[in-house]
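The structure under discussion appears below in the form of structure tokens.
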Amino acid sequence: MTVFEYDGRLLVVDCGVLFPEDHHPGVDLILPDFDAIRDRLDAVEALVLTHGHEDHIGAVPYLLRERRDIPLVGSQLTLALLGSKLREHRIEKPMQAIVSEGDRVSFGPFDLEFVAVNHSIPDALAVAIRTPAGMVLHTGDFKMDQLPLDRRITDLRAFARLGEEGVDLFLTDSTNAEVPGFTTAEKDIAPVLDRVFHASDQRIIVACFASHVHRVQQVLDAAVTHGRKVAYVGRSMVRNMGIARDLGYLHVPPGTLVDAKELGNLPPERTVMISTGSQGEPMSALSRIAQRTHNFVSIVPGDTVVLASSLIPGNENSVFRVINGLTRLGAEVVHKSNALVHVSGHASAGELLYCYNIVRPRNVMPVHGEIRHMVANADLARAAGVPDENVVIAEDGVVVDLVEGRAQVTGKVDCGYVFVDGASIGDVSETSLKDRRILGEEGFVSVIVVVDSTSGKVISGPEIQARGFAEDEARFDDIRPGIVDALTKAVSEGTTDNYQLQQVIRRVVGRWVGNRLRRRPMIVPVVLEA
Ligand SMILES: [Zn+2]
């Protein structure tokens, strides 16, 4: 999520989610922190969505909860995918403006021009933002596949024209800035899929992202060539491919699609399933198939499973668990490490250099990527001749001013991650996650002591219970007298405050558990007065 401000008015570009990793136990989604603009939502002129990926549109329902009538601006497919997401959040008929490449529209002081870019989802747009302060060109996510399935290439002619006019600040996708050369064309997967289909005389399952329309198109095409019927498995796959087909982005020959449940009535060698779960998501169809818990699909030796997808960092263990599960059942598993069944959606270093040379921007701000990707992208900008002082690295929350043709970091707003956990948004803090990690890795000890409120003498307990380790209470027999001694000493020295007495217990138990059991569990001391 990027916020542009001119003359007190705001323009937001993209509003996506992050998916939780292992160190976010229990978290469903991670939202951008709206705090910095929460009091100024009335000043938002529009929310521009560059494309329909979750990390660009996933948090829109949460922003609209705070102001329902923010105008949404995006391409036809982007807004259609967002619309189905909004309906799931019971947000009907949002304010929206469908735009396409070449369109020029104004929202308040922001004059927007849209430029076609090629990415791993159709209908992606870059946006040029003109204000009296200068022109910003934001690529969104993009690559420069020269022969994409839809023939809609990244419009370098428009990039050049904007460059001639003068791009004051160029925001570019950093994801693959560390990867030398050029990103492989989507079409190069086709012969590999063809070989896989040719070699198989049993069931084929292909897993990929539910938004990758062109990948699904290539699987459909291979299925038609090899005389197989296709079924979608997974709710988001069924929904998104329905939208893509209705809007003309996906071409499904008549008679190709069947309902997943009907697939069992056909000979396996006449079928293909296109499924979700390429990232090893535990509840997905593919994971359940790998664990033999899917209600109507079971793998038999000789079946083929293709993971036509990237391996998002952090998902390695889950993905390899699925691959192992399928392999154990006798499936042949084809994935990006053993065949060219996936290409990236992002521009590699060679493409980024082309862009810098064509646009010749005054200032560059790498976006979309971790810090290492942004730094690598900044190096490319410098290598292409952008002066060092005109390259700004801005992590989350950093404020960049563009004044008289010069971009500079001028401040920072507070912004952290906002965690969605079940029905709660933002209630789970980094501290709660730290507690969850301690509970998960080290376990839990409770210590309950009853003290006489006048004498301070321990009259009952300590009662000690541990979970996750040392669950036999007798393990703590050695430390009980130590707790009583420490409390007696603290009281004799004048400590009567309940919290301080609990801290005494925490210290004594923590030290003992650390030394004796080599653990650092969560310790919850309770002192009751009687
Ligand atoms: Zn994307």
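The structure displayed is predicted, hence computed values, not measured ones. One-based numbering, in listed order, for ligands and for the atoms of each.
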- For Glu332, does the CD atom have more than 12 heavy-atom neighbours from other residues, nucleotides or ligands under 6.0 Å away? no
- Message: Is it true that, when you exclude Arg67 itself, more than 12 heavy atoms of the residues, nucleotides or ligands shown sit nearer than 6.0 Å to its CZ?
- Response: yes
- Task: Have a look at the Zn ion (ligand 1) and estimate, to 10 degrees, the angle subtended by OD2 (Asp141) and NE2 (His51).
- Result: 90°
- Task: Tell me whether the centres of the aromatic rings in His373 and His368 are closer together than 6.0 Å.
- Result: no
- Message: I'd like to know: is the Zn ion (ligand 1) within the 2.8 Å range of an N/O/S atom from His119, strictly under that distance?
- Response: yes
- Message: Check the orientation of His335 and Phe320. Use parallel for under 30°, tilted for 30 to 60°, and perpendicular for over 60°.
- Response: perpendicular
- Name, closest N/O/S atom of His53 to the Zn ion (ligand 1): ND1
